[in-house]
Each structure stands twice: as structure tokens, then as C-alpha cells.
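Data block below; observations after.
Residue indices begin at 1 and follow the sequence shown. Everything numeric in this text was worked out from a predicted model, so none of it was measured.
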Amino acid sequence: MKNLWSDKEAAKYSSSLAFRVYTSRLLGQDSSLVLHGGGNTSVKITEKNLVNQDEEILYVKGSGWDLEFIEEAGFSPVRMSHMIELSKLESLSDPQMVNELKTQLTNSSAPSPSVETILHAALPFKFVDHTHADAVVTITNTANGAERINEIYGESVVIIPYVMPGFDLAKEVVKIFSEQSSEKTEGMILMNHGIFTFGNSAKESYDRMIKLVSKAEDYLMTHSAWDIKISEIPETHSIQVSEIAELRQKVSKVAGKPMLLHITNSKSGLSFSNNKHVQSIATRGPLTPDHVIRTKRIPMIGRDIDSFKNEYVSYFKSNEANAKDKKRILDPSPRVLLDKELGLCCIGKSMKDVSVIADIYEHTIESILRAEKLGGFKALPAADIFDLEYWDLEQAKLKNNNNDLEFSGQVVLITGAASGIGRACVESFLNRGAAVIALDLSNSIKTISNHQNFLGLVCDLTDENTIKQMIKKGVKYFGGVDMIVLNAGVFPKGKNFEDINSKEWSDVFSINFNANLSLLRELFPVLKASFSQGRVVVIGSKNVPAPGPGAAAYSASKAALNQLIRVLSMEWGEYGIRLNTLHPNAVFDTGIWTDEVLESR
């Protein structure tokens, strides 16, 4: 593992908190150490309080912050003396702990302190770093993981058996660390969870993290468990877009809300999905318990959503019976799908969620295969995973991020999306939570938005083969299409009817009518499979009800499209698909109104 510390960069910082930010970001930059908000760090600083008294303050990573991008404002300042007193209690409920952490903040606007705050306070070091290093967790997730950890580190680490995060873990650490630590201690391994390092300087704690994780990586290498085989699986072209859309519909039905289904096209994911032992090794549990709130305990193997749902309900019932208090079942839909044809697929209400799940599971695949080479991957029992999945403090994180927007989990396809009405529709749908497939002839369509829910595709709508290819790309990326906005069109230079030749007439109809006909025909089976029922909006023209001279081809093509939509509204209504046409007027900031057209008008 590469040590990213730079003396030149470090020279820019002078305060302890600034150094805490610097090395936290170094940890966050390495995805093999932490992923998407995982891990936490802290520093203990003596400060003058409002009444001019010296007070030791623990600055610990606040909830909602990512180590890779953390700033000083991302650390929660809590009073150390009270944290130490809390660590001496025999018991402390989760609600009590959360309340105590909040009431001991010296800044009321600071984020909520990490649930591991008391643990950080109890460790007698100025700087404390905690990560979920892949190499370390891989080794702990084997049948004789503790023995291997002891073999690797000896007296340089204290080993803590798995205990769920929170007050109980802090108590266990206080007890075991006080009994087993020595001058040789550089870190602490939490079985099936992660690693802690510490020191009197930010550099010392960071260097120890890199050193100890590197030892785990070296161990995997020397035991021929580092390099893993990624088989080249030929891509199959047999699966139809309607099959993908129908699978997404079933997943959404079980979830009880529309969900995106993203086919990652990951080579490692496709290889793992075709591993002859995947049914066994992928269903033993997550790499670390906290992954469960993102990925569920296990992935769905294949496409039997009913079996997955039944197994999840059974898992819930068997473990809820032993819970301290009544639990309410979460949606039993998968978040990770492994399929021989589709490979690794990830499911979520937004592409932000999907990308987090994909990153986590890519690392999980790697660790499972490495652990298999060390005698077999062994995750924690389902009961331990359930306790964390249904832990009030973890569920609170999800609830805080559960303010779904109007179109969360839904997909809209917009044509003519690079400018004017189409571009405005892109922005509006993204702002309301939709995933957007934006089609346009202009190359600029690829870059009009950097939103994670945006997919811009260059498409000539007069080419049926290109339409099919772009639909397939969009459906594989988001899982389906729920809404269509047909906006693309051309408005030729004004001519009287007798001056329009057949080619000019055909060119206008090819984009204003034929292209829309082809697109609707190809998307019909996908719209039928929409969990939230398909919707189509056509951007027509005021020339349909009130045509003007010199626009015969344009007016006739728009009128033909309007009539087609009226017919389809009757034919497709039985499938719950709604179709409507809007007739705007005097919208000049569109691609239709070229300088030439404007001059002719």
C-alpha cells in the first residue's frame, strides 16, 4: 500500500485539526481503506472555553461526511471528560448514547458525532484512525481469521472479537485494550469489522495504518491469495430490452416503489456471476456488517425475485423473534443481482445509491475470492447482520436520506434534449429525482449535465438501427423507461406548398413523424413493463390547431403525430399508458429556430 504523506503538502498545515483533515483525506483517497462515508478519525485538542478554562475536546468525524472530502467543519467537537465518564458506565442504551453525544457538543451546528465517539475517546492517543481496510477484513473473514491476524501482527496489535458498533463495542475495547496493550502496540484489529491505528501525531497514526495494512496485503501475496482470476466471459446479445424492463418491474414491485436497475458491465462482476461456486460463496454474508444497509445481507443469484423475497422474509422473521424490541420489515427487494448473462447489477432509487452499491460489491467480490484462497470466506452469522441492519442508529441514517423526490427511481427518455424545451425538460426532471436518457444529434448532449442520473447519447433519430442501439444502452444503464418526452423536430425555411419538393417534404416527416413512430414502437414493450405505468408527452405545435402559411410540411407532420398519439392513447390505454400532447408557441431558444428560419419568418 502506497504511503501518500507528503512533507511538502504537510508543511501547509499548522494546527492539529488541520493535520487531522489532511491525513483523513489521505485515508479517504484509497478505496481499499474506506468507501463512501466509511471509517472515522479523531483528534484530541485542549482549548480555552468561553469562561477561559482549559478543556480537552475530541474532534471526531461527523455523521454524513466522507473522509475523502472532509473539512474542519466535518468534525464534531465533544467534551472529552464526559466521554471518559460515559465509557465507565455498565450500560448505555442507543437513544441515551445519541443524546449524550449531542448534549456534549461545544458547537450546536456541528454534525452528529460518530457512533464510535466513546471508543475514540477511550483510546489514550491524540490521533486515532479507523478504516475498513479490504486486506485486513478479508483475512478476518476466514475460518481461522484470528489466528492469522495474530500470526501477522503478534504484539503490535490488540485483537477485539466482533461486537456490534456503539457503546458495547467501546466497553469491550476499554476492557481488552487495557489488559493487552503494551509499548509495542501500534494498532487494533476489530474482527469482521476493520482496523484502528493511533499515535501522538497525525503522521504517526497514518504511517501505522499504511504499515499494518501493507502487512496484511503482503500476507495475502505470500499465501498466493492476492491475485484473483477474472475469466473472460463473452457478452451475450440474446437478452431483449423488454426482459430487462420486466425484471426491473418485478424488483420495483417487491420494493413497493420504482427502482433503477443498473447493469454495470463489470468484467469482474460477470466473471464472478459465472463462478461455479457463486451460489455458495456469494450468499454467506457481507464483507463487513455495515455494508448491509446498502447491499442487503446477500445478493440475488439469477432472476427469481419471488424466491429472494421469500428468503428475506424468512430471514427477518427468524431473527426478529430474538430482537429486544419489535421491528418493522424493510422492503425485501435485492440491491445486488448476480446473473450469468447480465453480470453484476445494482439496484437503487438513484444512480448515486447505485454507484455506492456497485463500489462496495466490487470490493466484496475481490475479498471473497481472496478469502477463498485462504481456506474459505466466512462472514458473520445472519443474526449479527440482522442486528446491524435493523439497528435504530443505522436505520436513522437511511431515514435522513429518505426524502424521495417526485420522480425518484423513475426513468424518462427525452429527444431533442440538447437545447430549448428539451434541455429545460432535462433539468426539470433531474431536479425532481428522475433518471434521464437524453437523445440529440448534437455531440454536446454528452456534457450538458454532470448529474449522476444523467445519460446523454448522440442519436440520429431517422436511423432505426441507431434508435434500437440507444434504447438498449439506456435500458441497460437504468433498467427501463417510464416516461417519454418527444421533443425533437425540424422547422424548415418557410415555403408555399407548391414550392416544396418531395425530398424536402420527406425530410421533415422523417424527423417530425417517422422518427417518433419508430421510437414509440420500439419503446412500447418497455413502457408496458413500467412499475409506475408508462407516460408519453409529445411536444406538438400551435400549428396543429392554428397553422400558418409557408409551413405546410411542418404543420402536416405535427398534425400527423398528434393524430397518432390520439389513436395510441386508445390502443395503449388498456396497459395503463397515458399519452398527451402539448402545443407550445413562440419558444425561440430551440434548435428549430435557426437564424435562417427566423429571417424567413
Side-chain angles (χ1 to χ4, degrees), residues 1-30 33-34 39-49 54-62 67 70-72 74-87 106 113-114 116-131 133 136 153-160 170 173-190 194-215:
M1 172 163 286
K2 185 177 180 181
N3 190 313
L4 300 177
W5 177 278
S6 165
D7 288 335
K8 182 179 179 180
E9 184 67 21
K12 299 177 182 178
Y13 308 109
S14 57
S15 71
S16 294
L17 187 54
F19 276 110
R20 177 67 288 169
V21 171
Y22 173 56
T23 54
S24 296
R25 288 180 174 179
L26 296 184
L27 295 172
Q29 289 171 30
D30 192 332
L33 290 175
V34 293
N40 43 61
T41 58
S42 68
V43 60
K44 302 173 180 77
I45 302 173
T46 299
E47 298 177 335
K48 292 284 187 185
N49 61 21
D54 285 336
E55 192 171 27
E56 191 173 17
I57 305 298
L58 174 72
Y59 282 84
V60 63
K61 192 195 89 166
L67 287 180
I70 199 164
E71 301 170 3
E72 289 190 4
F75 287 91
S76 306
V78 294
R79 295 179 179 86
M80 266 290 293
S81 58
H82 195 74
M83 296 302 106
I84 296 302
E85 291 304 312
L86 290 177
S87 71
T106 61
S114 164
E116 290 171 339
T117 295
I118 298 174
L119 191 163
H120 278 258
L123 291 170
F125 300 91
K126 184 176 179 68
F127 288 86
V128 177
D129 296 347
H130 170 45
T131 74
V136 173
Y153 298 115
E155 295 181 0
S156 64
V157 303
V158 171
I159 301 173
I160 309 293
V173 167
V174 169
K175 177 179 180 295
I176 296 177
F177 195 84
S178 63
E179 294 172 350
Q180 298 183 14
S181 63
S182 68
E183 292 182 358
K184 296 179 181 179
T185 303
E186 297 180 335
M188 184 169 67
I189 304 295
L190 276 57
I195 176 173
F196 276 81
T197 56
F198 22 72
N200 293 317
S201 71
K203 186 177 190 302
E204 182 179 34
S205 185
Y206 174 75
D207 285 346
R208 284 176 169 177
M209 179 65 70
I210 303 306
K211 174 185 173 182
L212 294 181
V213 175
S214 294
K215 281 189 173 184

What distance do Thr46 atom OG1 and Asp54 atom CG have between them, rounded to the nearest 0.5 Å?
6.5 Å
Main-chain N/O of Ser205 paired to Thr197 side chain as donor or acceptor, under 3.5 Å:
yes
Lys12 NZ to Ser6 OG distance, which is reported to the nearest 0.5 Å
8.0 Å
Min side-chain heavy-atom separation Leu190-Met188 under 4.5 Å:
yes
So, the side chain of Tyr153 versus the backbone of Leu212: is there a donor-acceptor pair under 3.5 Å, distance only?
yes
Between Ala10 and Trp5, what is the shortest heavy-atom contact and its length?
CB-CZ2, 3.3 Å
Closest approach of Lys126 and Asn200, non-hydrogen atoms and distance?
CD-O, 3.7 Å
Name the orientation class of the two ring planes belonging to Phe196 and His130 (parallel below 30°, tilted from 30 to 60°, perpendicular beyond 60°).
parallel
So which atom in Val213 and which in Ala133 form the shortest heavy-atom distance, rounded to 0.1 Å?
CG2-CB, 3.7 Å
Is a donor on one side and an acceptor on the other found under 3.5 Å between the side chain of Tyr206 and the backbone of Leu4?
yes
Lys2 atom NZ: more than 12 heavy-atom contacts under 6.0 Å:
no
Determine whether Phe75 and Ser24 make a side-chain contact, defined as any pair of heavy atoms from C-beta on separated by less than 4.5 Å.
yes
Taking the side chain as every heavy atom from C-beta outward, state whether Ser182 and Thr185 have any pair of such atoms under 4.5 Å apart.
yes
Quick one: does Ser178's side chain have a donor or acceptor within less than 3.5 Å of a partner on Lys175's backbone?
yes
d(Leu17 CG, Ile57 CD1) to nearest 0.5 Å is 12.0 Å
Check for a donor-acceptor pair, side chain of Lys44 on one end and backbone N or O of His120 on the other, with a separation under 3.5 Å.
yes
Are Lys203 and Thr23 side-chain neighbours, meaning at least one heavy-atom pair lies under 4.5 Å?
no
Starting at CD1 of Ile176, measure out to OG of Ser181 and round the result to the nearest 0.5 Å.
11.5 Å
Backbone N or O of Ile70 within a donor-acceptor pair of the Arg25 side chain at under 3.5 Å?
yes
Mind running ring pair (Phe, Tyr, Trp, His ring centres under 6.0 Å) on Phe198 and Phe177 for me, showing each step along the way?
CA-CA 13 Å; Phe198 22 72; Phe177 195 84; 5.6 Å; yes
Can you tell which of Lys61, Arg20, Lys211, Arg208 makes a salt bridge (Lys or Arg N to Asp or Glu O under 4.0 Å) with Asp129?
Arg20
